[in-house]
Participant: 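This is the structure, below, for whatever I ask next.
Throughout, a chain's letter reflects where its sequence line sits, starting with A, and its residues are numbered from 1.
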Amino acid sequence: MNEGAQNSGRLNKPITLPIVKVVDEAKDFKSFYFDFDLDAKPGQFVTVWIPGVNEKPFAVSGQKDGLFSVTVSAVGPFTNKMHELKEGDKVGVKGPYGTHYKISGPDCDGTGAEHKNLVLVAGGYGVAPLVFLAEEAVGKGVQTTMIAGTRTKELLAFREKLESIGVEYLAATDDGSEGFHGFVTDVLENQISQGKASEICACGPRPMLERVGAIAEKHNLPGQFGLESYMKCGFGICGECAVDYKGIHICKDGPVFPLATAMKIFRFKKENDNFSQDNTDDKSEKEVF
Amino acid sequence: MNEGAQNSGRLNKPITLPIVKVVDEAKDFKSFYFDFDLDAKPGQFVTVWIPGVNEKPFAVSGQKDGLFSVTVSAVGPFTNKMHELKEGDKVGVKGPYGTHYKISGPDCDGTGAEHKNLVLVAGGYGVAPLVFLAEEAVGKGVQTTMIAGTRTKELLAFREKLESIGVEYLAATDDGSEGFHGFVTDVLENQISQGKASEICACGPRPMLERVGAIAEKHNLPGQFGLESYMKCGFGICGECAVDYKGIHICKDGPVFPLATAMKIFRFKKENDNFSQDNTDDKSEKEVF
Amino acid sequence: MPNLETAFLNKTFSNPTVLSSGILGVYGSSLVRVAIEGAGAVTSKSISLNYRSGHPNPIIVEFEAGLINAVGLSTHGIDDSISEISYAVKNSPSPVIASVFADNVENFALVSQRINEANPDFIEVNISCPNVESEFGKPFATDPKTSAAVTSAVKKVSKAPVIVKLSPNVPNIKLIAKSVVDAGADAICAINTVGPGMVIDIESAKPILSNKVGGVSGPAIKPVAVRCVYDIFSEVDVPIIGVGGVTNGSDAIEMIFAGATAVGIGSAVHYRGIGVFKKVSKEIFRFMDTHDYSSIEEMRGLAHE
Amino acid sequence: MPNLETAFLNKTFSNPTVLSSGILGVYGSSLVRVAIEGAGAVTSKSISLNYRSGHPNPIIVEFEAGLINAVGLSTHGIDDSISEISYAVKNSPSPVIASVFADNVENFALVSQRINEANPDFIEVNISCPNVESEFGKPFATDPKTSAAVTSAVKKVSKAPVIVKLSPNVPNIKLIAKSVVDAGADAICAINTVGPGMVIDIESAKPILSNKVGGVSGPAIKPVAVRCVYDIFSEVDVPIIGVGGVTNGSDAIEMIFAGATAVGIGSAVHYRGIGVFKKVSKEIFRFMDTHDYSSIEEMRGLAHE
Ligand SMILES: Cc1cc2nc3c(=O)[nH]c(=O)nc-3n(C[C@H](O)[C@H](O)[C@H](O)COP(=O)(O)OP(=O)(O)OC[C@H]3O[C@@H](n4cnc5c(N)ncnc54)[C@H](O)[C@@H]3O)c2cc1C
Ligand SMILES: Cc1cc2nc3c(=O)[nH]c(=O)nc-3n(C[C@H](O)[C@H](O)[C@H](O)COP(=O)(O)OP(=O)(O)OC[C@H]3O[C@@H](n4cnc5c(N)ncnc54)[C@H](O)[C@@H]3O)c2cc1C
Ligand SMILES: Cc1cc2nc3c(=O)[nH]c(=O)nc-3n(C[C@H](O)[C@H](O)[C@H](O)COP(=O)(O)O)c2cc1C
Ligand SMILES: Cc1cc2nc3c(=O)[nH]c(=O)nc-3n(C[C@H](O)[C@H](O)[C@H](O)COP(=O)(O)O)c2cc1C
Ligand code: FES
Ligand code: FES
């Protein structure tokens, strides 16, 4: 849990940006591109404000040549409204916010061992930040596999883009309409058993993340997990996004956590917990001056 | 008239400083030293705040080795109160404010002609900024003469200090108790007639400045004049220190003005003036976009 | 090409910026200078019948987000003031607004009557000085009835159109706006300073202002000013001079979108110098140019749609 | 060696910093974290009887000099809130203040009664939310009578000492302070947010907050907060939690000199992170050390001398 850092110079006030491109990635799943030098890292998010409607968080799904994108699944009032927007329409953007996935090149420590096989596990729109991450990983020469799961074929996205940059793309659908018939976790276990996984980065629905986490723990693999939570302010002040017994705030302490922290969050049952019995390493002592 | 510049980073809020040294310079005339790196230029002023009493402007009279000083003549409630202060007492200081005397070394333009004979003309406590200026001028290798006038001998100050750094010191007293029996203007005329004046910097009571200005004009000598005015804010916002038909504010456009501007200010008779007839060179035209 | 001209009652300002009362407006010569330097209109420091010395120094202190002042309505008295305003009216290229204040309704009428002699383009009635209490025991601008009483008294005698300057320090500024417009106000100026506030020097453990407290101005108060202008615009149908924390073109646009016809600038003279009027005008012009607005009129009140 | 311990009614805070209501205080776990990170006491977000969804986003926007929020008093309802407060009370190393609010006097009593179940160290009565009107048609805190009525209703049922939180948006805060103390308030917290204010996005010409207006906090309001604390200290004789724009040790000292017993911190969590409590405590300590103050007590109210 990192101590909330000082906020950066930019005001937490939306910057209005026109949408410069809209791309259909899959059924009810669209990317919106903005002409703005965002300086985000994979896993970080922005908030998108549609005046008169609402403001919601979305992962940055790509950043290149002075453009950045978010990729939005239409699931409710706000995201449906977003899907109605066209090139030239303007929205307010704040961010980038939050922690990010940290990867380094394969030879960064001289051993050649790190990130030999980076496996990205995506559920639903969780693929968005992982596409951005895949591009960064490939750029650093890391061999990367994307395991993407959705209910059905039409919801799968980014296969072409990922394959074109050399990412191995493995799909899993609930109905078997494409790729593996079953869960991403089955594909993951298979990769691991073939020795083709040295680290896992995952993003998707909570139940999927919990199962992926359990697998990573079992095989003693390092992992980084992108979590979600209901958010209001998005920058660490309102307290709405706290998730666990330690008062971790997803918007600022997250959304990306290392495996160990993520597992603690998953296992947290507030009712049965007694904070004073906690003895994890990051417990600060109250200092009296 | 320079367009009001943007204000510097420091807040216009007094910084509390202890007095580190008090020096008697003459009768009812004391220097107060502060341990603070002020970065003032000769002619600029600070405001001194005594909590519960008042806040008043004073020229910086010296700045060296991380100390600066103001030299205060006891003339009324505030300055009398200041004279009661001892080493260790604290006052609030704001500044430095305003314009300053501009001098350059004798050979700065390669002709050796500039400031060959700088003559400083001081009346009363007007000597304060000129002592600071003398130190700077001497440091730049300019041959410098101080003509200091007061009512009587006991009011003369800084002779030793100035002579020790090589400044020629000429006193003039109303009662003839020391130096020339008469006005500084007589001494000045004498210097000029001897060819020992290439530029005049003056500070003192308004009538003295007016006469010095007339002499400078007559002999076509460049001059810089330190003016005073009743001040409230001290940094160009309240409008109390405006002196002339152009809305010049002494605190920000001054207190140091070139001869030509000073003479305009001296000659200004508001009742008889009609702005629309003014055609000085620095009149801006109203622009419409 | 965007046009910055701003119709304000019976006059046209060359641009929407207005020098606010109490900033550099003590002498006619300063008012003229500010007009020449680009203000669309200039307002004098508030004038009263009698000489008032104001508070001892310090009368202004800066804090992280603005200024606090308790100049204490120092004025030179009505005769001097008339000659200063006359000088400004004769020489200023922009309209001149004479600001007046008094300690009771009758004196408001008297000072307004006298100021006619100077022929100002407008009279601005300062009922909102945070440090002056009315004969009824609270600042005029906090009560709809006293606000209305002052307004109609001034309206009765003034030859110039009457602008009433409101305080933000009231539970419901709409009520006050309505009461002064019903009483005859031709326009509203909003807002005067917020608070009051206090700054304590932690070295001496003393309030810095000699008056201890003073009105807050500058960037700190901009959101309150914008909200007040928005509220007033939604309530009454007279032109508004929006004042409070305007420092750059964006701030001015915010005010205009909230409903301001013209935009007052005070503290920003400190932040950006006396050239701030020209600078803000240029910034407004540039915004209009890139956003396809052709007139100030067209932008007014857009945030209400 | 300076001692930062601060006696506040029947408790002793390890240092004078207090997490203000509405900042990170929705869940018990956050309150505990802030206490561990160094706050001398922590205050929950204001709790009401029934679930309230609050306003849609954006609910907070930053401007040059502070924050504006209209969270809209979203709460999870009394049962959930009781369990969160209980968790905090059990696990927090620092005293826990439960903040409550309601839409009428009776409900203030009911929510206060229920919150007893969680055993908070103090109850803070938020009568000053700028966006909630009382049954009498204006915010409770703007009227001495309603303020008193709420105070005595809560005082009657609360097992914990009662802190009443006041609004700065009143003509005379001394009146309100006196009325709540006469009605039994054990302490006062001042101030809640200033305004309200509005920020307009000039690209879309729309107010940014979904609620259009929101309360102003942060550096912008510090002078108003200091003045309010100064006024209250001069009027009544109960401990004061001074809140508003405190970002560093100097600000905290200013509050204490004005008369605060403890110092609330809200928006500065944004500017300096959750470690702000420890940082401000260290800065206070350093000031005391270099200025020969040995206790907070000794510094309180010094600006009044
Ligand atoms: C850090 C983060 C990154 C995200 N990245 C993406 C992304 O890249 N692409 C994408 O399509 N979606 C993303 N989301 C989720 C997205 O914010 C929600 O889908 C959106 O808010 C739904 O709004 P709605 O009005 O359309 O639907 P609603 O009817 O409001 O909600 C639909 C679902 O979204 C959840 N939800 C609603 N509001 C929020 C909120 N403020 N924060 C989190 N969840 C919420 C609800 O619990 C519900 O399950 C992300 C969320 C977070 C917290
Ligand atoms: C730019 C500037 C630099 C100055 N430098 C010095 C200096 O180096 N040494 C020094 O002894 N004095 C200096 N003064 C003058 C000094 O500010 C006044 O002597 C002082 O304010 C008098 O205050 P008092 O209460 O003691 O007397 P008062 O009774 O207030 O006044 C005595 C005389 O000083 C004049 N005066 C009063 N207040 C002010 C004011 N705010 N500004 C200007 N004049 C005022 C009065 O008109 C009167 O003639 C300077 C003034 C200015 C404007
Ligand atoms: C130093 C100073 C003096 C002021 N004097 C007056 C005054 O005499 N009459 C008045 O109506 N307003 C006065 N005001 C208020 C301003 O006109 C303006 O309403 C306020 O400062 C907000 O605008 P700003 O944020 O642009 O400064 C004064 C403000 C300052 C800073
Ligand atoms: C996001 C936010 C939410 C707030 N919610 C509450 C609340 O629920 N109850 C309350 O009494 N005050 C609330 N406040 C007011 C603060 O407790 C505090 O009084 C105010 O912000 C001034 O302090 P600051 O400048 O340190 O932020 C809230 C403030 C903010 C910024
Ligand atoms: S969303 Fe407000 S603290 Fe995280
Ligand atoms: S003293 Fe205020 S403008 Fe010069």
Participant: How about Val199(C) and Val226(D): do any of their side-chain heavy atoms sit closer than 4.5 Å?
Facilitator: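 Result no, sub-4.5 Å side-chain heavy-atom pair not found.
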
Participant: Which heavy atom of Ile202(C) sits nearest a heavy atom of Phe287(D), and at what distance?
Facilitator: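 Answer, listing the atom of Ile202(C) first, then Phe287(D): O-CZ, 3.3 Å.
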
Participant: Count the heavy-atom pairs under 4.5 Å between each of Met255(C), Glu254(C), His304(C), Lys212(C) and chain D, then report the option with the highest count.
Facilitator: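 Highest number of heavy-atom pairs under 4.5 Å: Glu254(C).
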
Participant: For residues Pro219(D) and Phe63(C), report the shortest heavy-atom separation together with the two atoms involved.
Facilitator: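 Looks like O-CE1, 3.5 Å.
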
Participant: When only pairs under 4.5 Å are counted, which of Ala205(D), Ser204(D), Pro207(D) shares the most heavy-atom pairs with chain C?
Facilitator: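 It is Ala205(D).
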
Participant: Is any side-chain heavy atom of Arg227(D) closer than 4.5 Å to a side-chain heavy atom of Pro196(C)?
Facilitator: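 With C-beta onward as the side chain, the pair touches.
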
Participant: Flag the one option from Glu305(D), His291(D), Met299(D) with the top tally of heavy-atom pairs under 4.5 Å to chain C.
Facilitator: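 Result: the option with the highest number of such pairs is His291(D).
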
Participant: Measure the spacing between CG of Asp231(D) and CE of Met198(C) and express it to the nearest 0.5 Å.
Facilitator: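 Asp231(D) atom CG to Met198(C) atom CE measures 6.5 Å (nearest 0.5 Å).
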
Participant: Could you point out which residue of Ile68(D), Val216(D), Val213(D) forms a side chain to side chain contact (heavy atoms under 4.5 Å, CB included) with Val224(C)?
Facilitator: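 Going through the options one by one, the only one that passes is Val216(D).
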
Participant: How long is the straight-line distance from CD1 of Ile256(D) back to CD1 of Ile200(C), given to the nearest 0.5 Å?
Facilitator: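 Here the rounded value is 10.5 Å.
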
Participant: Working to the nearest 0.5 angstrom, can you tell me the gap between Thr290(C) OG1 and Glu203(D) CD?
Facilitator: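 Answer for the OG1-CD pair, Thr290(C) versus Glu203(D), is 7.5 Å.
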
Participant: How many angstroms lie between atom CG of Asp201(C) and atom CD1 of Ile253(D), to the nearest 0.5 angstrom?
Facilitator: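 The CD1 atom of Ile253(D) is 12.0 Å from CG of Asp201(C), to the nearest 0.5 Å.
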
Participant: Write down the atom of Ala65(D), the atom of Ala220(C), and the distance for their closest heavy-atom approach.
Facilitator: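 Heavy atoms of Ala65(D) and Ala220(C) come nearest at CB-CA, 4.0 Å.
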
Participant: Can you establish whether the number of heavy atoms outside Lys178(C) located under 6.0 Å from its atom NZ is more than 12?
Facilitator: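 Not buried by this count: 12 neighbours or fewer within 6.0 Å.
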
Participant: Tell me, side chain or backbone of Glu64(C) under 4.5 Å from chain D's heavy atoms, or both, or neither?
Facilitator: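 The answer is the side chain of Glu64(C).
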
